[in-house]
Structure formats: C-alpha cells, structure tokens
Amino acid sequence: MEFHNGPLVRSPMTNNDKIAPPPAQLGLLLRLIGLCFLLMFVMGLLGGSLPRPIANTTLKLLQMATTLLLFGIPAFIYARLSFPQNPLFHLGFRPAHRTNFYVLGILLLLFAFPLEGWLGLLNRQLPLPAWTIKAEDAAEQQLKALLVAKNSFDIVFNLVVVAIIPGIFEEMFFRGVVQRLLTRITRKPWLSICIAAAIFSFMHFEFLGFLPRFFLGILLGALFWYSGSLWTCVLAHCLFNGIQVLALNYMPEVMDNKNPSIPAYSVLLSLAIVIILLVVMRRQFLQWRAAEDNSLEWH
C-alpha cells in the first residue's frame, strides 16, 4: 500500500516494484518533458517544409501526434520507469472507489458550463498584451476551420482528435502523473490539485482561456482525488470536449458569439450545484476511506 491518490490504497505491488523517491521521479519527468519539447521543435521544422495549403486530415493527424508526443508518451514512459510492474494502475487506470463517481464526474462538468463560460468572459477583461489576443483569435479561427465537418465521418474524426485523444492523454499526464507526483511531494492534496490545474491551463498556451481551463482543471483534479480513478476524469473530459465539438458543428452561431449573455442566476446556480457535487463526492470518499480503515484494522 502507498499514499498516492488517497490515503492508504491497496495496490497490486510486488516485492520487485522499485518506487523511486519523489525528487527522482520529478527529475525523470522534467527530462522526459524536455526531450518531448525538443522532438516537438523538430516536428515543427519538418511541418514548415510541408507543401501549402495543408489538408485538414493532415492537420488533424499532426494534432493527434502532438497530443501523444507532449502528454501521452512522457506520461507512459514515466510510469513504466517509475512503476515497472503496474504502470497503468499507478497512472490511475483502475476502478473508482464507488461506481457513482462516474455519474458524479459527468454531472460536475456539465453543470459547470455556465460558470466556466462566465470565467471565460472575465478572463477576456483582464489586461493582456495585444499580440496574445491577436494570436489566440487567429488560432481559434484556424481551429474552427479545421473542425468544419462535411459529413458524419468528419464529425466522428473531430471527436477523436479534439475530445477522445486529449481526454485520455491529458488526464494521464496532468492528473495521473503531475498531480499524483505533487501530492507525494507536498502531502497536501488540494495544493497539488491547484498547482496541477495551473500547469494544465498554462501548457495549452491559450491565455484568453486560462481562468476557465484552470477552473476545469481543479474540478478534474478533485474528481481524481475523490474517486481514485483516472477513468472518471477521462470520461468527463471527453464528454465536455465532445459537447463543444458538436456545438461547433450544429450551433456555430453560438460558438461564434464573442460576448454571450450569461445570466447571473445561471452562474450562481452553476456554482451552487458544483459545490454540492463536490461535497457529495467528498462525503462518498470519506465513507470509502472509513470502510477501508476498518478493513485494515481487521487484517
């Protein structure tokens, strides 16, 4: 047993498992990230030599490769080297403490939509350099052009590129590796959740959306901590991104609205429901922990 995504959690470790101390794991992670950024730079140079214009399918494949290289590969290599016997288990790919956490996670992000949208409007009011605003507006237009769907296959492909692939591999990296490692170092779960959420938002390099993405990172981090399973975060993350992809195709006028009207009552209601769901998850977590502690006493 060890302290990783909860108090003492049973894990299928053997005597051959060699878990390095947190500073060594942090050093390994930083080296892997540096190597992947170097490979990203090389890919950027190669991409610059591609004939223009680049087909949408090629851009989507490049987007998938970027997500895998930046988040998926370093997360898996880190886990494989740190926990050679059970890498996926230690990343968090295990059942939730209780089955209802899967539903609670989905509800948490769905009811967070109004509050997340309001934070996005607030973020746009912050003083930012003009070049960041122009760059992000251009990137947003490019993304919308990239995700234009002509048929059902395009929509499914877009869901894979923007919802499923990022939902899996970003959660592996930010919750399964970064948050878990920070929790081992600080022994303060909520501090680790907030730091991991800030890194999660920053590494998207979209500063007009820093606050809403930071908020969503906190919710996903709390879900991971309380449920004990990365699958709950992956499911909620994929669904959240997937709704936005479908809205872009079926309700483009809503997505194009830079200054949407978000009623105050919907923001307050969203905040209240999010808090209630977090309280419910915390209570479920404490009940599970109490049952585990009683089980350990009997053994």
Side-chain angles (χ1 to χ4, degrees), residues 2-6 9 11-13 17-43 62-96 105 160-186 189 192-205 213-214 216-225 227-238 240-241:
E2 61 159 334
F3 183 99
H4 57 269
N5 188 43
V9 179
S11 62
M13 293 173 55
D17 279 324
K18 296 180 180 179
I19 300 180
Q25 291 186 346
L26 179 59
L28 170 63
L29 179 61
L30 292 176
R31 290 193 296 272
L32 289 171
I33 293 173
L35 178 60
C36 288
F37 267 109
L38 178 61
L39 293 175
M40 287 281 295
F41 177 74
V42 174
M43 284 181 58
L62 287 173
Q63 179 66 31
M64 292 172 61
T66 299
T67 302
L68 287 169
L69 181 59
L70 197 56
F71 303 124
I73 292 177
F76 181 78
I77 294 177
Y78 165 87
R80 188 70 184 84
L81 294 177
S82 299
F83 316 105
Q85 299 299 322
N86 304 287
L88 294 180
F89 176 88
H90 287 285
L91 279 176
F93 288 109
R94 51 181 178 265
V160 172
V161 173
V162 178
I164 297 176
I165 296 296
I168 295 173
F169 295 108
E170 288 183 8
E171 291 309 308
M172 279 177 60
F173 184 83
F174 292 107
R175 255 57 68 179
V177 174
V178 176
Q179 180 178 316
R180 181 188 181 282
L181 179 56
L182 289 172
T183 302
R184 289 193 67 203
I185 292 173
T186 66
S192 303
I193 288 170
C194 291
I195 295 175
I199 298 173
F200 166 70
S201 187
F202 177 81
M203 287 191 67
H204 282 78
F205 304 108
R213 193 172 286 109
F214 173 62
L216 292 175
I218 289 176
L219 296 185
L220 289 166
L223 177 60
F224 182 43
W225 172 253
S227 70
S229 171
L230 202 62
W231 287 118
T232 59
C233 304
V234 168
L235 181 61
H237 193 152
C238 289
F240 189 88
N241 285 5

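The model shown is predicted, which means the values in this text are computed figures rather than measured ones.
Residues Gly105 and Ala236 approach most closely at O-CB, 3.6 Å, considering heavy atoms. Contact between Pro74 and Leu68 at its shortest, heavy atoms only, is CD-O, 4.1 Å. Summarising the geometry of Val234 relative to Glu171, their closest heavy-atom pair is CG2-CB, 3.9 Å, with the distance given to 0.1 Å. Nearest heavy atom pair, residue Gly217 against residue Arg175, reads O-NH1, 3.5 Å. Here the closest heavy-atom approach between residue Gly167 and residue Cys238 is recorded as CA-SG, 3.8 Å. Minimum interatomic distance between Ser82 and Leu28 (heavy atoms only, all atoms of both residues): OG-CD2, 3.7 Å.
Between the CG atom of Leu69 and the CE atom of Met64 there is a distance of 13.5 Å, given to the nearest 0.5 Å. Within the model, atoms CG of Leu230 and CZ of Arg180 stand 11.5 Å from one another, a figure rounded to the nearest 0.5 Å. Atom CG of residue Leu70 and atom CZ of residue Phe169 lie 12.5 Å apart, to the nearest 0.5 angstrom. Here Ile73 contributes atom CD1 and Leu39 contributes atom CG; the two are 8.0 Å apart, rounded to the nearest 0.5 Å. Rounding to the nearest 0.5 angstrom, the gap separating the CG atom in Leu62 from the OG1 atom in Thr67 is 11.0 Å. In this structure, CD1 in Ile77 is found 6.5 Å from SG in Cys36, a value given to the nearest 0.5 Å.
Counting heavy atoms from C-beta outward, Thr66 and Phe71 have side chains that stay 4.5 Å or more apart. Put simply, the side chain of Phe173 does not reach to within 4.5 Å of the side chain of Phe200, judged on heavy atoms. In this structure, Tyr78 and Met172 have side chains that are not in contact, with every pair of non-hydrogen atoms separated by 4.5 Å or more. With contacts defined as side-chain heavy-atom distances shorter than 4.5 Å, the pair Phe224/Leu220 does not qualify.
For the side chain to side chain contact (heavy atoms under 4.5 Å, CB included) with Ser192, the qualifying choice from Val178, Leu181, Leu182 is Leu182, the only one to do so.
With Arg94 contributing its side chain and Gly228 its backbone, the two residues share a donor-acceptor pair below 3.5 Å. Panel note: side chain Thr183, backbone Pro189; no donor-acceptor pair is recorded below 3.5 Å. In this structure, the side chain of Gln179 engages the main chain of Gly221 through a donor-acceptor pair within 3.5 Å.
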**Q.** CA sep, side-chain torsions, deciding dist, call: Leu29, Gln25, side-chain contact (heavy atoms from CB on, under 4.5 Å)
**A.** CA-CA 6 Å; Leu29 179 61; Gln25 291 186 346; over 6 Å; no

Q: Just do the side-chain contact (heavy atoms from CB on, under 4.5 Å) check on Phe83 and Leu88 with the steps written out, would you?
A: CA-CA 9 Å; Phe83 316 105; Leu88 294 180; over 6 Å; no

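Between His204 and Phe174, the ring planes are parallel. Angles under 30° get that label, and only those over 60° would be called perpendicular.
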